[in-house]
Amino acid sequence: MNLFESFRLAFNGLRANKMRSFLTMLGVIIGVGAVIALVSVGTGASQEVTTQVEALGSNLVIVMPASARGRDLRVEDAATIEERVAGVAHAVPTLRESATVIWTGRSIDTDVVGTTEFLPEVQSHPVAQGRFLSGQDVLYRRFVAVLGATARNNLFGLRDPMGQEIYISGYPFTVIGVMAEKGEGGLFTPDPDDRVLIPVTTAQRLLGTNKIGSIYVSVNQGANADLVTNHIQRIFEVRFGDADAVQVFSQQQILAAVGSVTGILTMLLGAIAGISLLVGGIGIMNIMLVSVTERTREIGVRKAVGARSRDILAQFLVESVIISLVGGAIGIALGMLGSAAISRLGNVPSVVSLSWVAIAFGFAAAVGVFFGIYPAMQASRLDPIQALRHD
Amino acid sequence: MKPLLELTGVSKFYGEAGLAVPALRGVDLRVGAGELLSIMGPSGSGKSTLMNIIGCLDRPTTGTYLIEGRDVSTLSGDELAAIRNRKVGFVFQTFNLLNRSTAQENVELPLIYRGLSLGQRRRQAREALEVVGMGHRLTHRPAQLSGGEQQRVAIARAIAGDPSLILADEPTGNLDTRTGEEIMAIFQRVNAELGVTVVQVTHDPHRGRQTRRIVLIRDGRIVEDGPLPDGEFLAAAPEPAPAGGGAQ
C-alpha cells in the first residue's frame with residue numbers, strides 16, 4: 001500500500017468524525033497561532049527598540065551617573081572629555097526635567113532639556129525652522145528655546161511659533177527655532193520630538209543646581225568607540241576614585257544589552273506558546289487512542305483481509321500528522337492575523353519572522369508524529385483474532 | 001496431486017508453558033483444491049482455533065501447516081498477512097463490513113492491500129458484487145442493506161481477490177432460514193463455477209449437509225472425517241417455495 005492510499009484512508013477516517021477532528025485540530029491551531037502571534041509581537045518590539053537606539057545617533061557614547069552610588073556630573077566634565085579624549089568630536093551635557101510650558105493660556109506638559117549648541121550634531125537631529133541654540137546663548141544663559149516637533153504642534157497648532165514668548169516654570173523664553181521631526185518613539189526611549197531645548201546653563205539656573213544629567217559624546221568617524229568609552233571611564237575613575245560611579249555606554253553596547261533583553265522576552269513568549277502546542281499534541285494522542293479503541297474491529301477486519309502492521313501504522317500515523325499539519329497551517333494564518341490585530345489594537349509593532357513560521361510548522365509536524373506514533377503502534381500491534389472479537 | 005491445505009500433527013496451546021491448555025491436539029487434515037466442506041463440533045471443541053490456523057490468523061504451537069505446498073506455520077505476522085491477502089477470503093457470522101464505506105469500497109478492501117490501482121480495484125469489486133447478485137447496490141452502505149445483502153457483500157469481498165480458499169465462520173448464524181439458504185446457494189455456486197475451495201465452520205447439521213464433506217471435531221481432535229454419503233447432499237434452494245403456497 002502506498003502513501004497516497006494511506007492519505008486517502010486517513011482523510012476518510014478524519015471525515016467520519018468531523019467535529020472531533022476539528023476540536024483536536026483546534027489544540028494545534030491555538031498552539032501554533034499563539035507561537036506566531038506572540039513571537040511576532042516580541043520580534044517587533046525588539047526591532048523597534050533597536051531602531052530607537054540606532055536613532056540616538058551613530059558613534060554615540062552616553063555618560064550618566066550610576067543609579068546606585070552615582071556621583072553628580074558637571075558641565076566641566078563634558079569639556080574635559082572633549083579636550084582630553086582622542087577621537088571625540090563633541091561632548092554635550094544635558095539636563096532633563098519635566099515641566100509645564102505655557103503659551104497664551106495654552107499649556108502642555110513636556111520634557112525641558114538643557115543642552116549646548118552641538119546637540120543637533122551629536123543626536124543627528126537637525127533644525128527645521130529658525131536656528132538652534134548658539135554658544136553665545138549658552139554662555140550668557142539666555143532665555144531662548146527650540147521646540148521639538150511634537151511639542152510645537154501641541155502648543156502652537158497651526159500658528160507660527162517663531163519669536164513667540166512661552167513660559168517655562170514661570171520664566172519667559174523666546175522661541176528661536178523648531179526641530180525636524182525625528183519620527184515615532186517614546187515606547188522604550190524618551191520621545192525625541194516631545195521636548196523643549198534650552199541652554200544648559202539657563203536650565204541649571206532655573207533648577208537652582210550646578211549638576212547635569214548625562215553627557216552625549218559623539219565619536220569621530222573612524223575612531224574606535226570602545227577606546228573612547230574606556231578612556232572616559234578611566235577619567236571618571238581617577239576623578240571619583242570609584243570605577244562604578246559613572247556609567248559609560250557606546251551605542252553598540254546599548255544595542256547588545258537591549259538585544260539580549262528583548263531576545264529573552266521573545267524566547268519566553270515563544271516558550272509559553274510552545275507549551276500550548278504541547279498540550280495540543282497531548283490532545284491528539286488522547287483522541288487517537290480513543291479512535292484506535294473504537295475502531296478495533298475495523299483494524300481486525302483490515303488485518304484479516306491482508307493489511308500488514310505497517311499499513312495500519314501508516315493509516316493512523318498519517319491521521320495524526322494531517323491533524324497537526326492542517327492545524328499548523330491554519331494556526332500560522334490565524335497567528336499572522338492575530339499579530340496584525342495585536343499590533344493595531346495595542347499600537348505595538350509586530351514582525352512575522354519566516355524562520356519562526358518554519359519553526360512553528362516544523363514543531364507542529366513533530367508533535368503530530370511524536371504524539372501519533374504511540375496510538376498508531378497500539379493499533380498496528382493488535383492481534384487480528386482479538387480485534388475481530390472486540391465489540 | 002498436492003492438496004491445497006495440509007495440516008500435520010497440528011497442536012495449539014494457550015497460556016504459559018506448564019499451565020498450557022490445549023485447544024488442538026495433533027490434528028491431521030488434508031483439503032484438496034475445489035472441495036466444499038464443513039468443520040463441525042460443539043462450542044469449545046477447538047473448531048474456532050482450527051479455523052484461525054487454517055485462515056493464517058494464528059500459528060500452530062507444534063506441527064506443520066502447508067498451503068499449496070508452502071509451510072506457513074513459522075511465518076511472521078506480516079508474511080501471514082500477505083498469505084491471507086492473496087490466498088484466503090474470510091466470511092464472518094457478523095459480516096464485519098466497514099460501516100462508513102460503501103459496498104464497493106468494502107469489496108475493494110483486500111485489493112487495496114495488494115497494491116492494485118484504483119481502476120483495477122473498482123472493476124474487480126464490481127465484478128465480484130455482480131457474482132453475488134449485488135451489482136445494483138454498489139454505493140449502498142451496510143446500514144442501508146439487509147443482513148442477507150450484507151453477507152453477500154462480505155462474500156464478494158472474500159472472492160474479489162480470486163483466493164484459493166474461502167473460510168466461512170458460521171456464515172448463516174445471524175440470518176433467518178430463508179436468507180441462510182440463499183447464502184449457502186451462493187457458496188455452492190461459487191464453489192462449483194469458480195472452483196474455489198470453501199471451508200465452512202458450523203454447528204448446524206442442516207448446513208453441514210449442504211457441503212460435500214464433514215469434519216467433526218471434539219476436544220481438540222478430529223473424531224470423524226468423510227464425504228457425505230451419496231444422496232445426503234442438499235442443494236441449497238435460493239428461493240424455497242413457501243410451505244403453504246400463496247402469492248408467488
Side-chain angles (χ1 to χ4, degrees), chain A residues 1-21 287-288 290-319 322 376-391, chain B residues 12 14 23 48-49 51-53 55-59 75-102 105-118 121 141-142 153-154 156-161 163 166-167 169:
Chain A
M1 198 176 67
N2 58 31
L3 200 62
F4 172 74
E5 290 292 344
S6 303
F7 267 94
R8 214 176 52 87
L9 281 182
F11 265 117
N12 288 341
L14 293 173
R15 226 179 32 199
N17 251 318
K18 289 193 193 71
M19 189 61 174
R20 183 197 283 185
S21 303
I287 225 63
M288 290 309 293
V290 170
S291 173
V292 168
T293 307
E294 278 181 356
R295 288 153 69 184
T296 298
R297 214 177 165 86
E298 173 192 329
I299 294 163
V301 172
R302 288 181 183 280
K303 286 199 148 187
V305 303
R308 293 161 303 179
S309 294
R310 62 168 170 273
D311 296 327
I312 303 293
L313 182 82
Q315 179 184 345
F316 283 90
L317 190 55
V318 169
E319 270 192 31
I322 287 175
M377 299 252 290
Q378 296 280 85
S380 76
R381 282 186 190 149
L382 283 176
D383 172 32
I385 299 170
Q386 304 292 337
L388 282 168
R389 273 193 209 132
H390 190 271
D391 39 30
Chain B
K12 182 70 185 178
Y14 289 113
S48 294
T49 307
M51 193 206 72
N52 288 339
I53 289 176
C56 293
L57 286 167
D58 207 351
R59 277 172 293 238
L75 294 184
S76 73
D78 279 356
E79 287 167 324
L80 285 179
I83 299 276
R84 290 197 297 271
N85 187 238
R86 290 176 182 275
K87 307 278 185 207
V88 186
F90 286 95
V91 178
F92 303 95
Q93 180 174 0
T94 52
F95 323 134
N96 275 335
L97 298 176
L98 302 187
N99 293 326
R100 299 193 311 259
S101 305
T102 64
E105 286 164 355
N106 266 290
V107 177
E108 278 180 46
L109 201 59
L111 308 177
I112 292 176
Y113 295 111
R114 202 179 284 192
L116 296 186
S117 71
L118 190 64
R121 280 180 349 225
R141 287 172 204 282
V153 173
R157 181 177 65 192
I159 63 174
I166 288 178
L167 206 50
D169 183 10

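Small disclaimer: the values here were computed from a predicted structure and weren't measured. Convention: sequence-line order gives letters A, B, ...; per-chain numbering from 1.
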Checklist entry - Is any side-chain N of the basic residue among A/E298 and B/R100 closer than 4.0 Å to the acidic one's carboxylate O? => result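 Salt bridge: yes.
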
Next on the checklist: Between B/R121 and A/E5 (salt bridge meaning N to carboxylate O under 4.0 Å), is one present in this structure?
Outcome noted: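 A salt bridge is present here (some side-chain N lies under 4.0 Å from a carboxylate O).
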
Nearest 0.5 Å please: distance from the [atom1] atom of [X] over to the [atom2] atom of [Y].
{"X": "A/I385", "Y": "B/T49", "atom1": "CD1", "atom2": "OG1", "answer": "8.0 Å"}
{"X": "A/L388", "Y": "B/F92", "atom1": "CG", "atom2": "CZ", "answer": "4.5 Å"}
{"X": "B/L97", "Y": "A/R297", "atom1": "CG", "atom2": "CZ", "answer": "10.5 Å"}
{"X": "B/L80", "Y": "A/K303", "atom1": "CG", "atom2": "NZ", "answer": "11.0 Å"}

Checklist entry - Can you name the closest pair of heavy atoms from A/G306 and B/Y113 and give their distance? => result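 Of all heavy-atom pairs spanning A/G306 and B/Y113, the closest is O-CB, 3.8 Å.
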
Checklist entry - Considering all heavy atoms of both residues, which atom of A/A307 and which atom of B/A81 are nearest to each other, and what is their separation? => result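 Closest approach of A/A307 to B/A81, heavy atoms only: O-CB, 3.7 Å.
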
Item to check | Closest-packed option against chain A by number of heavy-atom pairs under 4.5 Å, given B/L57, B/N96, B/L116 | outcome: B/N96

Checklist entry - Which of residues 11-19 of chain A have a heavy atom under 4.5 Å from any heavy atom of chain B? => result A/N12, A/G13, A/A16

Item to check | B/S76-A/R308 side chain donor-acceptor pair, cut-off 3.5 Å | outcome: no

Next on the checklist: With a 4.5 angstrom heavy-atom cut-off, is it the side chain or the backbone of B/R86 that approaches chain A, or both, or neither?
Outcome noted: neither

Next on the checklist: Taking side chain as everything from C-beta outward and backbone as N, CA, C, O, which of these in B/L98 sits under 4.5 Å from a heavy atom of chain A? Side chain, backbone, both or neither.
Outcome noted: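 Interface part for B/L98: side chain.
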
Checklist entry - Backbone N or O of A/S309 within a donor-acceptor pair of the B/D78 side chain at under 3.5 Å? => result yes

Checklist entry - With no hydrogens and no angle check, is any side-chain donor or acceptor of B/N85 less than 3.5 Å from a backbone partner on A/V305? => result yes

